[in-house]
Amino acid sequence: MNHPSASVFRNQKNKSTGATFILLGFSEYSDLQVPLFMVFLTIYMVTVVGNLGMIMIIRINPKLHTPMYFFLSHLSFVDFCYSSVVTPKLLENLVVEDGTISFIGCITQFFFLCIFAVAETYMLAVMAYDQFVAVFNPLLYTVAVSPKHCLFLVAVSYSWSIVSSMTFTYFLLTLSFCETNFINNFVCEHTAIVAVSCSDPYISQEIILVSAAFNEISSLMIILTSYIFIFITIMKMPSTGRRYKTFSTCVSHLPTITIFHGTILFLYCVPNSKGSGIMVKVASVFYTVVIPMLNPLIYSLRNKNVKEAVRKLVNTKLPCHKL
């Protein structure tokens, strides 16, 4: 004989599976649909070309086969996947009036969004740790950040992001939803989904709040600790030229960290009110669409080795004809 609570859960699950979500996105700004489509399409194209180009350049250039560029190639991979989970659906909803997404589609988008968001969080922390080791103890750098150690750090980042996402998604699936649900965002993120739930989302909200707080605090502690030691080490360097060179190498990492973590912290601090809806959407655009585009631009424009590799690649593929 089935337990009553089990049958109730199955009924809720069956009801939720047939539910339909409608992503409102930027539908209230009907005059801006075409301009927004062009802007986001351009951003997405730059994101794809920039991140895949960065991965290719790092893989084919032996000089870039170092721990720093190994981590950078994985950051580019995460950014490419991160953007590809969100932007195509965003572009579709800007040209099609019906912003419908199925229950399975919405949960799947949320699942992968969480994976790459958490992976990016820890990948940035790993890159900060790599720079700390390079500056603080360069003589032991090859030992402290060996290929095996690099693979371990990346594997842990991906593994933990999958575990976190599976946990968030499981508790989200315990909720029930009505047939039609209007999500006041362009992406199926947790706050927007639980806002339209027909059941009490308290447990799901608490789980993701505690887990997200742990991920954010632990990664920021790694980053802040690394940069405090980096700053102290740089200030102790006797040569002004060496201090400037080391600082300029490390500072390229800071804009990415500031924008990414600043946006996430902003989203957690914004009160859940109607008046803050547009601010939440703008912040969501930054951390799901804009940041994946900025990372390869920031690292390529400020990195002499990457620019040199790009020039060599262009010269190889497009040789000048001598007269």
Side-chain angles (χ1 to χ4, degrees), residues 2-25 85-86 99-122 159-221 260-284 287-288:
N2 292 332
H3 196 276
S5 61
S7 61
V8 170
F9 178 77
R10 281 198 300 271
N11 290 335
Q12 287 182 341
K13 186 177 180 182
N14 292 335
K15 184 180 179 182
S16 296
T17 304
T20 300
F21 294 97
I22 298 175
L23 297 170
L24 297 178
V85 168
V86 177
T100 302
I101 184 172
S102 66
F103 174 80
I104 299 299
C106 193
I107 295 300
T108 301
Q109 187 187 61
F110 170 77
F111 176 74
F112 285 106
L113 184 69
C114 286
I115 287 178
F116 297 118
V118 176
E120 172 126 356
T121 300
Y122 284 102
S159 299
W160 178 247
S161 66
I162 293 171
V163 170
S164 297
S165 184
M166 289 177 68
T167 304
F168 301 155
T169 305
Y170 171 79
F171 283 99
L172 199 60
L173 288 171
T174 61
L175 304 178
S176 61
F177 298 90
C178 303
E179 291 184 4
T180 304
N181 305 275
F182 293 92
I183 294 181
N184 189 25
N185 209 326
F186 61 88
V187 60
C188 291
E189 54 93 21
H190 188 269
T191 305
I193 295 174
V194 298
V196 297
S197 171
C198 299
S199 55
D200 186 6
Y202 176 77
I203 295 177
S204 179
Q205 287 176 321
E206 289 301 306
I207 290 294
I208 199 167
L209 179 63
V210 172
S211 300
F214 170 79
N215 291 334
E216 187 68 11
I217 292 171
S218 61
S219 61
L220 277 177
M221 285 299 294
F260 182 78
H261 285 283
T263 305
I264 291 177
L265 291 173
F266 172 79
L267 280 171
Y268 278 108
C269 294
V270 170
N272 188 17
S273 63
K274 293 181 180 179
S276 65
I278 186 60
M279 288 191 293
V280 171
K281 290 179 187 179
V282 171
S284 297
Y287 89 92
T288 60

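From a predicted model like this one, the values you see are computed outputs, not experimental measurements.
Around the CZ atom of Phe112, the shell of radius 6.0 Å holds no more than 12 heavy atoms that belong to other residues, nucleotides or ligands.
Just one of Thr263, Asn185, Val86 meets the side-chain contact (heavy atoms from CB on, under 4.5 Å) condition when paired with Ser284; it is Asn185. Screening Leu175, Ile22, Asn181 for a side-chain contact (heavy atoms from CB on, under 4.5 Å) with Val196, the sole residue that qualifies is Asn181.
Relative orientation of the Phe177 and Phe21 rings is perpendicular, given thresholds of 30° and 60° on the angle between their planes. Between Phe110 and Phe168, the ring-plane angle classifies as tilted under the 30° and 60° cut-offs.
Scanning all heavy atoms of the two residues, the minimum distance from Leu172 to Val194 falls at CD1-CG1, 3.7 Å. Contact record, Gln109 with Cys188: OE1-N, 2.8 Å, taken as the closest heavy-atom pair. In terms of heavy atoms, Ala119 sits closest to Ser161 at N-CB, 3.6 Å. When all heavy atoms of Asn215 and Thr121 are compared, the pair lying nearest together is O-CG2, 3.9 Å. In terms of heavy-atom proximity, Ser218 sits nearest to Tyr122 at OG-OH, 2.7 Å. Nearest approach of Lys281 to Gly25, heavy atoms of both residues: NZ-O, 2.5 Å.
In this structure, the side chain of Ser165 does not engage the main chain of Cys114 through any donor-acceptor pair within 3.5 Å.
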Legend entry - Step-by-step side-chain contact (heavy atoms from CB on, under 4.5 Å) determination, Ile183 to Cys106: CA-CA 10 Å; Ile183 294 181; Cys106 193; 4.0 Å; yes

Inset, instruction - Check the pair Tyr170 / Ile207 against side-chain contact (heavy atoms from CB on, under 4.5 Å), numbers first and verdict last. - result: CA-CA 10 Å; Tyr170 171 79; Ile207 290 294; over 6 Å; no

Inset, instruction - Let me see the working for Gln205 and Phe171 under side-chain contact (heavy atoms from CB on, under 4.5 Å), right down to the final yes or no. - result: CA-CA 9 Å; Gln205 287 176 321; Phe171 283 99; over 6 Å; no

Inset, instruction - With side-chain contact (heavy atoms from CB on, under 4.5 Å) as the test, would you mind laying out the steps for Thr288 and Phe116 before giving the verdict? - result: CA-CA 10 Å; Thr288 60; Phe116 297 118; over 6 Å; no

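Note that OG1 of Thr169 and CD1 of Ile115 are 7.5 Å apart. Values are rounded to the nearest 0.5 Å. Taken from CG in Leu113 to OH in Tyr287, the straight-line distance is 5.0 Å, to the nearest 0.5 Å. One finds the CG atom of Leu209 at 14.0 Å from the CZ atom of Phe214 (value rounded to the nearest 0.5 Å).
Ser211 is not listed as a side-chain neighbour of Ser164, based on a closest heavy-atom distance of 4.5 Å or more. Between Thr174 and Ile203, the closest side-chain pair of non-hydrogen atoms is not below 4.5 Å.
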